[in-house]
Amino acid sequence: MSLVKLAIKGISYSQTQNGAYALILNEVDGERKLPIVIGAFEAQSIAIALEKEIKPPRPLTHDLFKNFADRFDIIVKQVIIHKLVDGVFYSSIICERDKIEEIIDARTSDAIALALRFNAPIFTYKNILDKAGVYLKGNTMEPENAVEENDAVLSTPETFGLEDTSAPKDSYSSKSVQELYEMLNEAVQNEDYEKAAKIRDEISKKES
């Protein structure tokens with residue numbers, strides 16, 4: 001089966017599942033998107049990893065794993081989303097130590113959070129993308145085949161692009177990008193990652 005390389009397109013707040021987020025993966029050499037429902041903690045961890053300039057004062061769980069792996073010379077070579085069963089994605093982390101390769105089972109959200117920290121590529125198989133891929137039109141996604149479950153393909157259209165609908169719409173909209181970055185840094189230093197995620201959402205909207 002042929003592998004398809006994916007890139008992270010964005011994160012949005014899930015309107016269908018309270019407290020959940022939609023991670024949008026983009027087909028690198030195509031137009032299809034692969035939406036995956038993830039939890040709030042994993043969404044924040046991925047968002048912080050995407051924002052290279054933001055460094056939490058203490059390591060998050062995925063940062064701790066990265067530090068542990070670095071100490072023992074473990075390299076994450078790639079992540080493969082290798083299976084989709086009853087709407088749930090299954091992923092593998094391909095690691096290497098002393099030229100010995102190991103395959104570790106992982107939740108897709110954790111695997112991607114680690115892939116970002118190791119600058120490792122993310123892949124899925126063509127048949128999974130054929131089954132679960134969606135085409136993005138404007139700010140909505142039209143699924144080809146979709147079901148609704150944690151770490152699963154979204155079954156209904158989501159607002160695309162890092163928007164938390166539970167927050168007041170104008171809470172950060174009046175701030176400049178520079179002010180938002182300062183607020184983001186302060187939120188991260190205070191380890192208020194929920195607030196940081198909302199501020200990062202607003203920055204992404206202003207910079208898009």
Side-chain angles (χ1 to χ4, degrees), residues 1-12 14 16-17 19-30 32-50 56 58-134 143-155 158 193 197:
M1 291 184 290
S2 60
L3 287 172
V4 178
K5 190 173 183 179
L6 302 171
I8 296 176
K9 181 69 174 179
I11 304 172
S12 67
S14 174
T16 60
Q17 297 189 37
Y21 288 77
L23 171 65
I24 314 299
L25 301 175
N26 186 70
E27 181 182 14
V28 171
D29 295 321
R32 287 176 295 182
K33 312 296 188 282
L34 193 65
I36 301 172
V37 175
I38 62 175
F41 172 78
E42 291 79 9
Q44 292 165 13
S45 182
I46 291 170
I48 287 173
L50 288 170
R58 296 185 297 174
L60 302 178
T61 302
H62 299 109
D63 297 319
L64 177 61
F65 183 94
K66 174 65 163 59
N67 295 339
F68 180 90
D70 288 345
R71 183 66 59 89
F72 291 95
D73 297 322
I74 300 169
I75 300 171
V76 171
K77 296 179 64 178
Q78 61 184 12
V79 162
I80 300 176
I81 303 171
H82 64 84
K83 187 167 62 173
L84 175 61
V85 179
D86 295 329
V88 178
F89 290 105
Y90 293 79
S91 294
S92 296
I93 301 173
I94 315 301
C95 303
E96 184 180 275
R97 181 173 184 267
D98 295 333
K99 297 183 180 180
I100 299 175
E101 190 171 278
E102 299 285 351
I103 300 176
I104 300 174
D105 182 45
R107 294 190 308 166
T108 299
S109 52
D110 289 329
I112 291 173
L114 291 174
L116 283 170
R117 287 161 170 80
F118 284 88
N119 294 317
I122 302 166
F123 297 95
T124 192
Y125 289 109
K126 183 179 181 297
N127 66 318
I128 292 177
L129 196 58
D130 289 342
K131 180 180 180 181
V134 299
E144 295 173 344
N145 280 312
V147 292
E148 184 177 3
E149 193 168 331
N150 189 36
D151 270 349
V153 182
L154 298 178
S155 60
E158 294 285 340
Y193 297 117

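Just so you know, these numbers come straight off a predicted model, no measurement behind them.
- Nearest heavy atom pair, residue A132 against residue F89, reads CB-CZ, 4.1 Å.
- Pairing each heavy atom of I24 with each of P35, the nearest pair is CD1-CB, 3.8 Å.
- In this view, E96 and K77 satisfy the salt bridge (Lys or Arg N to Asp or Glu O under 4.0 Å) rule, not counting sequence neighbours.
- Interatomic distance, CD1 of I94 versus CD1 of I103, reported as 4.0 Å (0.5 Å rounding).
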**OP:** Determine, step by step, whether K5 and D29 satisfy the side-chain contact (heavy atoms from CB on, under 4.5 Å) criterion, reporting the C-alpha distance in whole Å, the side-chain angles of both residues, the deciding distance to 0.1 Å, and the verdict.
**Re:** CA-CA 8 Å; K5 190 173 183 179; D29 295 321; 5.9 Å; no
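- Within the 3.5 Å criterion, the main-chain N or O of I81 finds a donor-acceptor partner in the side chain of T124.
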Without placing hydrogens or testing angles, list every side-chain donor-acceptor pair under 3.5 Å for residues 66-73, not counting sequence neighbours.
unit_1	atom_1	unit_2	atom_2	d
K66	NZ	D70	OD1	3.3
K66	NZ	D70	OD2	2.7
N67	ND2	D63	O	3.4

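- Between atom CD1 of residue I100 and atom CD1 of residue I74 there is a gap of 11.5 Å, rounded to the nearest 0.5 Å.
- The distance from atom CD of E42 to atom CD1 of I36, rounded to the nearest 0.5 Å, is 12.0 Å.
- Between I46 and I38, some side-chain heavy-atom pair lies under the 4.5 Å cut-off.
- Side-chain contact check for L84 versus Y90: every heavy-atom pair is 4.5 Å or farther apart.
- In this view, A115 and V79, A120, I122 satisfy the side chain to side chain contact (heavy atoms under 4.5 Å, CB included) rule, not counting sequence neighbours.
- Separation of atoms CG (L34) and CG (L6) is listed at 6.0 Å; rounding is to 0.5 Å.
- Atoms OG and CD1, from S91 and I104 in turn, are 13.0 Å apart once rounded to the nearest 0.5 Å.
- Atom CD1 of I112 is separated from atom OG of S45 by 11.5 Å, given to the nearest 0.5 angstrom.
- Under the side chain to side chain contact (heavy atoms under 4.5 Å, CB included) criterion, F41 pairs with T61, H62, not counting sequence neighbours.
- Looking at heavy atoms from C-beta onward, I8 lies in side-chain contact with L25 at the 4.5 angstrom threshold.
- Listed by first and then second residue, the salt bridge (charged side-chain N to carboxylate O under 4.0 Å, His left out) pairs involving residues 119-128 are K126-D130 (not counting sequence neighbours).
- For E27, the side chain to side chain contact (heavy atoms under 4.5 Å, CB included) partners at least two apart in sequence or on another chain are V4, R32, L129.
- Remark: N26 pairs with K33 by the side chain to side chain donor-acceptor pair (under 3.5 Å) rule, at least two apart or across chains.
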